[in-house]
Amino acid sequence: MSDLESRTRYNPAEVEPRIAKKWLESGIFHPLPEGDAAGNYSIAIPPPNVTGVLHMGHAFQDSIMDTLIRYHRMRGTRSKWIVGTDHAGIATQTQVERQLAQEGTTREQLGRERFEQRVWEWRQEHGGTIIEQLKRLGASCDYAEERFTLDEAYAKAVVKVFVALHEKGYIYRDRYMVNWDPGTGSAISDLEVEQREVTDTLYYVDYPLASGTGAITVATVRPETMLADTAIAVNPEDERYRRLIGETAVLPLVGRKLRIIADEYVRPDFGTGALKITPAHDPNDFEIGRRHGLAQPQVIGEDGCLTSEAPARFAGMAVDEAQRAVIAELREQGLIARTEPYVHDVPFSQRSGQRIEPLISLQWFMGMRELARPAIEAVTSERIRFHPVNHTRVYLDWMENIRPWCISRQLWWGHRLPVWYRGVETYVGSRPPRGEGWRQDPDVLDTWFSSALWPFVTLGWPDETPELRAFYPTDVLVTARDIVFLWVARMIMMGLEFTGQIPFSDVYVHSIIQAPDGRRMSKSLGTGIDPLDLIEGGPRPPVFAAGGKPAGEFPAYGADALRWGLLAMSSGQDVKFSEDKIAQGQQLTNKLWNAARLILLGVGGEDSPARAAAIPTAPEDRWILSRLQRARAEVHSRIEGYDFSHAALALYDFIYGELCDWYLELIKPRLRDGEPDLAATLLYVLTETVALAHPLIPFETEEIYGHIPGAVGLLAGRVSDPTTPVDEQAEAEIGNVIVAVQTLRAWRDTAGVKAGAVVPAKLEAAGYDTTTEHLARLGRLSFANGGGGSEIVATIPIPGGAVEILAGDGFDAAAAQEKLRQRRAKLEAEIERAERKLANERFVAKAPPDVVQAERDKLARVRTELDSL
RNA sequence: GGGCGCGUAGCUCAGUGGGAGAGCGCUCGCUUCACACGCGAGAGGUCGCUGGUUCGAGCCCAGCCGUGCCCACCA
């Protein structure tokens with residue numbers, strides 16, 4: 001216990017690694033797969049990228065999940081936090097390719113097999129980083145069963161799912177318009193595309209009519225795609241063009257004849273009302289082309305260069321180069337009628353940051369309509385509930401308009417498609433059919449395909465394992481809203497399709513933590529911070545230096561302070577990161593540490609195990625047990641309602657504002673007297689306080705618990721759900737003392753009474769029979785018994801009456817008088833207001849009776865107080 | 001274009017019908033024997049604007065202003 005004596009500051013740097021080690025060795029985090037999911041509690045972690053390092057979003061999300069898991073574990077529910085990492089196709093491949101580039105080589109030079117091996121080696125080396133960081137944060141995951149989305153068992157499950165969905169006809173191959181990402185050289189899904197505002201030039205280009213009677217002018221921002229035009233479309237209702245429908249125009253630079261067609265899609269009020277149709281390079285034109293049976297010549301290839309279908313002089317040019325060349329020729333021929341700057345949204349790849357090149361490609365798709373139906377029903381029937389609820393609508397809107405998912409990726413790192421080709425034959429299965437010459441599809445699956453199976457494949461599916469029975473369905477999915485569609489929706493669909501059960505019953509969508517300047521936290525913007533720098537101390541980036549905080553270093557706040565601060569920051573909204581909240585967490589841990597010191601050192605080393613003293617008689621003891629019970633109820637219900645900021649603040653208010661500010665101050669004299677019943681109560685209160693706080697600030701509470709005489713095992717594994725009586729009478733008695741002491745302190749301050757001076761006084765108030773000594777000590781008064789004769793120099797109203805100050809040490813009588821005068825004025829104003837309100841007939845008639853009664857009570861109370869002055 | 005949210009003390013944010021709150025910052029006072037990275041006491045808000053509903057509005061409704069995010073195939 002020596003560190004308790006010597007350390008007046010809580011020292012997380014020393015405590016946390018030591019406690020983490022104890023937890024990991026204890027096996028508490030690894031529940032046996034017994035019972036069923038209905039009786040157990042489980043959460044599947046959103047698997048971080050295997051390449052990743054912990055960022056603030058993880059720290060936040062993991063603090064929430066750990067709070068839930070620890071809370072349920074301590075309530076005696078078998079609780080499992082499924083943990084692992086995601087192979088993260090594009091992200092990981094990009095990282096390793098970057099490394100190869102530094103070595104002066106490329107994946108192509110290495111070849112597929114050796115490249116994949118390199119990635120595995122890379123994973124071996126760096127894949128454990130984020131898991132170690134989770135441990136440092138105190139996350140009580142089941143590390144004994146860490147999963148990886150490319151593990152052998154996982155891969156088997158992925159193949160099984162692919163084959164099954166193919167057999168049902170949901171997975172199919174098609175030549176279709178896809179989002180081609182020139183940066184990664186792969187198709188990507190709609191969800192990986194983001195719109196960015198771009199200023200382009202809108203070119204008005206004249207297409208001469210074949211009849212030689214003039215020209216039709218079209219507007220385009222992508223003149224280079226005109227080389228693949230196959231028609232011009234106008235709105236059938238557009239009077240200006242009606243006579244031209246069915247005629248032909250001549251495609252400049254190419255000479256191809258273009259039919260002028262009518263299509264409702266064309267908006268007469270935009271541009272010239274005539275639209276050039278390029279089925280191979282624009283999603284809308286693709287649809288229009290299909291409707292009208294147009295050819296789909298492709299002039300831009302997957303390499304981002306013009307193909308041989310473009311006129312020879314353009315073939316091989318990069319897209320932007322081709323654009324310049326096309327414009328130059330059009331100008332030469334006088335075919336550009338005019339240009340104007342044009343601001344619009346353009347698709348970019350979230351992966352590579354490059355502008356998406358829409359083109360037609362042969363890819364594998366997954367039809368989602370059938371899978372979406374039960375996933376919609378699961379939410380409308382409230383078998384799955386979103387928190388906050390307004391995400392429900394967003395989910396349903398997206399699901400009801402769901403579109404096919406392009407699942408093939410032209411990458412090497414990932415689950416390779418279980419598809420085999422020989423000539424014109426295609427076979428789908430885990431292994432190639434008998435016979436020579438079968439070649440596997442080179443593509444891999446979108447990473448989210450395997451992620452969608454996470455909650456059940458991690459538990460052993462497709463085998464019927466005890467783990468699956470014990471922990472599936474999981475209870476809650478904790479995530480940010482940016483992957484609700486990408487991941488959550490797909491897990492619901494896949495879970496229902498393959499297990500027949502919802503994968504989780506609740507989805508908690510938490511806030512996104514932004515940098516203090518309101519931008520998103522991002523390493524590349526310089527707006528991110530490493531949570532470890534807050535835990536252990538580290539550089540404070542300039543963006544975080546604002547608000548009085550100097551540039552330089554973060555102090556070592558410790559994991560508990562970080563966790564508490566993050567929870568306190570959480571809300572339904574996005575929130576700006578607040579270092580002050582972390583500091584508040586540190587303040588709390590320090591306060592709790594010193595409260596523990598006072599108690600543990602105060603009760604002596606004697607072996608007095610914590611017990612609720614029979615039924616304590618001292619009002620302050622009954623008060624703290626009552627307040628503890630209320631705090632317990634409050635914190636528990638906040639956790640269960642996914643309201644973590646209020647849980648954190650309720651805990652803070654109890655520890656700081658009740659336990660430390662009042663209870664410990666009230667019992668100090670008794671503590672010095674070494675009263676045994678008090679020791680028992682103190683140890684009980686301390687034990688239950690650290691138990692209540694443990695899910696939020698696990699390290700320190702575990703450390704303190706270890707110092708409590710008679711404490712058994714680890715707090716993290718302690719199961720207890722005690723209740724202590726709520727005691728209204730004690731709450732009233734001590735509540736009055738608190739108000740009275742605060743009033744007296746305020747009076748002393750303004751009256752200029754020396755802070756340390758004990759002032760002679762007389763108590764003229766009811767309700768302090770059992771608490772007179774408390775009032776005297778904390779109010780620094782000495783109550784003269786009987787006597788009298790002394791002059792009353794001030795009267796201080798307190799609940800139930802007043803304290804009369806007798807002539808004592810010199811103080812500012814004028815200031816005291818002024819204080820009293822102010823109080824009187826305030827009381828008179830309140831009386832006036834209450835009287836006016838009660839005189840209002842409509843108020844008395846229409847307001848609820850209890851409100852009216854409360855107003856009457858208040859008026860009576862205030863009148864009494866005024867009279868006593 | 002559609003949808004969702006936000007605008008409360010200098011800063012970051014609580015507060016969904018009955019007399020405005022927290023943390024930080026600021027001011028004043030305290031080396032009180034758990035904690036001076038502490039303790040005590042204060043100052044500081046026309047609750048974005050306008051109108052409405054109500055006995056009563058920061059809270060409900062409408063409009064406006066400002067601001068953020070999500071979805072969406074108008075060249």
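Because the structure is predicted, anything quoted here is derived from the model rather than measured. Lettering of chains follows the sequences in order, A, B, ..., and the numbering in each one begins at 1.
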* To do: Only counting residues at least two apart or in another chain, list the ones meeting ring pair (Phe, Tyr, Trp, His ring centres under 6.0 Å) with A/Phe286.
  => A/Tyr176

* Counter-base of B/A14, judged by Watson-Crick or G-U geometry with both distances under 3.5 Å -> none

* Structure fact -> Expected list for residues 648-661 of chain A near RNA chain B, using heavy atoms below 4.0 Å, is A/Tyr656, A/Cys660, A/Asp661

* Structure fact -> For A/Glu224, the salt bridge (charged side-chain N to carboxylate O under 4.0 Å, His left out) test, sequence neighbours excluded, returns A/Arg222

* Rounding to the closest angstrom, what is the interatomic distance between B/G58 and B/U8 at atom P? -> 15 Å

* **Base of B/A34 paired with side chain of A/Glu665 (donor-acceptor, under 3.5 Å)** => yes

* To do: Indicate, with a heavy-atom threshold strictly under 4.0 Å, whether A/Arg597 touches base, sugar-phosphate, or nothing.
  => sugar-phosphate

* **Test ring pair (Phe, Tyr, Trp, His ring centres under 6.0 Å) applied to A/Tyr656 - qualifying residues, sequence neighbours left out** => A/Tyr652

* **A/Arg597 side chain to A/Leu4 backbone, donor-acceptor under 3.5 Å** => yes

* **Distance between C1' atoms of B/C26 and B/G10 (Å, rounded)** => 9 Å

* Structure fact -> Ranking B/U12, B/G18, B/A72 by distance to the side chain of A/Phe843, first place goes to B/G18

* Looking only at side-chain atoms of A/Arg403, point me to the closest of B/A75, B/C73, B/A34. => B/C73

* Please tell me which of the listed nucleotides, B/A72, B/A34, B/C74, lies nearest to the side chain of A/Arg267? => B/C74

* Where the side chain of A/Phe485 is concerned, which of B/C37, B/C70, B/C30 is the nearest nucleotide? -> B/C70

* Please work out if A/His391 contacts a base, only the sugar-phosphate, or nothing of the nucleic acid, heavy-atom cut-off 4.0 Å. => nothing

* Asked: Among all residues two or more places apart in sequence or in another chain, which pass the ring pair (Phe, Tyr, Trp, His ring centres under 6.0 Å) test with A/Phe485?
  -> A/Trp398

* Please confirm whether the backbone N or O of A/Lys754 pairs with a side-chain atom of A/Arg748, one donor and one acceptor, at under 3.5 Å? => yes

* Whole-Å distance between B/C71 P and A/Glu400 CD? -> 17 Å

* For A/Lys858, answer base if it contacts any base atom (sugar-phosphate contacts may also be present), sugar-phosphate if it contacts only those atoms, and nothing otherwise; contact means non-hydrogen atoms under 4.0 Å. => base

* Closest-nucleotide ordering on RNA chain B, the 5'-leading residue of A/Val851 and A/Leu598 -> A/Val851

* Among B/C33, B/C55, B/C37, the nucleotide that comes nearest once only the side chain of A/Asn840 is considered -> B/C55

* Quick one: label A/Arg222 by what it contacts on the DNA or RNA (base, sugar-phosphate, nothing), any heavy atom closer than 4.0 Å. => nothing

* To do: Indicate yes or no: does A/Arg291 engage A/Glu287 in a salt bridge with an N to O separation below 4.0 Å.
  => no

* Length of the line joining A/Arg9:CZ and B/A36:P, which is rounded to integer Å -> 7 Å

* To do: For nucleotides B/A36 and B/G18, find the distance between their C1' atoms and express it as a whole number of Å.
  => 42 Å

* What is the nucleic acid contact for A/Gln742, judged by heavy atoms within less than 4.0 Å: base, sugar-phosphate only, or nothing? -> sugar-phosphate

* Starting at CD1 of A/Ile216 and ending at P of B/A75, how long is that distance when rounded to a whole Å? -> 19 Å

* Asked: Under 4.0 angstrom, heavy atoms only, what part of the nucleic acid is A/Pro848 near: base, sugar-phosphate, or nothing?
  -> base

* Asked: Nearest of B/C24, B/G18, B/A41 to any side-chain atom of A/Asp749?
  -> B/A41

* **Closest to the A/Asn284 side chain, choosing from B/C35, B/G18, B/C74** => B/C74

* Nucleotide B/U16, atom P - distance to CG of A/Asp643 in whole Å -> 10 Å

* To do: Determine the interatomic distance between C1' on B/C60 and the same-named atom on B/G45; round to the nearest Å.
  => 23 Å

* Asked: Is there a Watson-Crick or G-U wobble partner for B/G5 with both distances under 3.5 Å, and which nucleotide is it?
  -> B/U67

* Asked: Knowing that exactly one of A/Arg519, A/Arg481, A/Arg520 qualifies, which makes a salt bridge (charged side-chain N to carboxylate O under 4.0 Å, His left out) with A/Asp574?
  -> A/Arg481

* Sugar-phosphate only, base, or nothing, as touched by A/Arg481 at under 4.0 Å among non-hydrogen atoms -> sugar-phosphate

* Asked: Say you pick atom C1' in B/A14 and the same atom in B/C49; how far apart are they, in whole Å?
  -> 24 Å

* **Counterpart base for B/G58, defined by Watson-Crick or G-U wobble contacts under 3.5 Å** => none

* To do: Would you indicate what A/Tyr342 reaches in the nucleic acid, counting non-hydrogen atoms under 4.0 angstrom: base, sugar-phosphate, or nothing?
  => sugar-phosphate

* For the pair A/Phe577 and A/Phe544, name the ring-plane relationship: parallel under 30°, tilted 30 to 60°, perpendicular over 60°. => perpendicular

* Could you tell me which nucleotide pairs with B/U27 by Watson-Crick or G-U wobble geometry, both distances under 3.5 Å, or answer none if nothing does? => B/A41

* Under 4.0 Å between any heavy atoms, over every strand shown, what does A/Ala746 touch: base, sugar-phosphate, or nothing? Just pick one. => sugar-phosphate

* To do: Would you mind classifying the nucleic acid contact of A/Val394 as base, sugar-phosphate or nothing, using non-hydrogen atoms under 4.0 angstrom?
  => nothing

* How is A/Val844 classified with respect to the nucleic acid when contacts are heavy atoms under 4.0 Å: base, sugar-phosphate, or nothing? -> nothing

* Would you kindly check whether a donor in the side chain of A/Asp285 faces an acceptor in the base of B/A75, or vice versa, at under 3.5 angstrom? => no

* So which one's nearest nucleotide on RNA chain B is more toward 5', A/Leu191 or A/Ala219? -> A/Leu191

* Asked: Can you tell me how far C1' of B/C70 sits from CD of A/Gln350, to the nearest Å?
  -> 12 Å

* Asked: Quick one: ring pair (Phe, Tyr, Trp, His ring centres under 6.0 Å) partners of A/Tyr265, sequence neighbours excluded?
  -> none

* Any A/Lys668 side-chain nitrogen or oxygen under 4.0 Å from OP1 or OP2 of B/C33 -> no

* Under 4.0 angstrom, heavy atoms only, what part of the nucleic acid is A/Phe577 near: base, sugar-phosphate, or nothing? -> nothing

* Structure fact -> note: A/Glu553, atom CD; B/C37, atom C1'; distance rounded to Å ~ 17 Å

* Residue A/Lys576, side-chain heavy atoms: nucleotide from B/A14, B/C55, B/U12 that is nearest -> B/U12

* To do: May I ask you to say what A/Gln587 touches in the nucleic acid, namely base, sugar-phosphate or nothing, with a heavy-atom cut-off under 4.0 Å?
  => sugar-phosphate

* Asked: Who is the Watson-Crick or G-U wobble partner of B/C47, with both distances under 3.5 Å?
  -> none

* Before accepting this row, confirm whether a basic side-chain N of the pair A/Arg393/A/Asp397 lies closer than 4.0 Å to the acidic partner's carboxylate O. => yes

* Asked: Could one point to a donor on the side chain of A/Arg842 or the base of B/C55 with an acceptor on the other under 3.5 Å away?
  -> no

* Send over the distance from A/Glu287 CD to B/A72 P, rounded to a whole Å. => 15 Å

* Structure fact -> A/Asn390 has its side chain closest, among B/C55, B/G5, B/C35, to B/G5

* Asked: To the nearest angstrom, how far is A/Leu778 atom CG from B/A41 atom P?
  -> 11 Å

* Side chain A/His281, main chain A/Ile300, donor-acceptor under 3.5 Å -> yes

* Does A/Arg745 make a side-chain N or O approach to OP1 or OP2 of B/C30 shorter than 4.0 Å? -> no

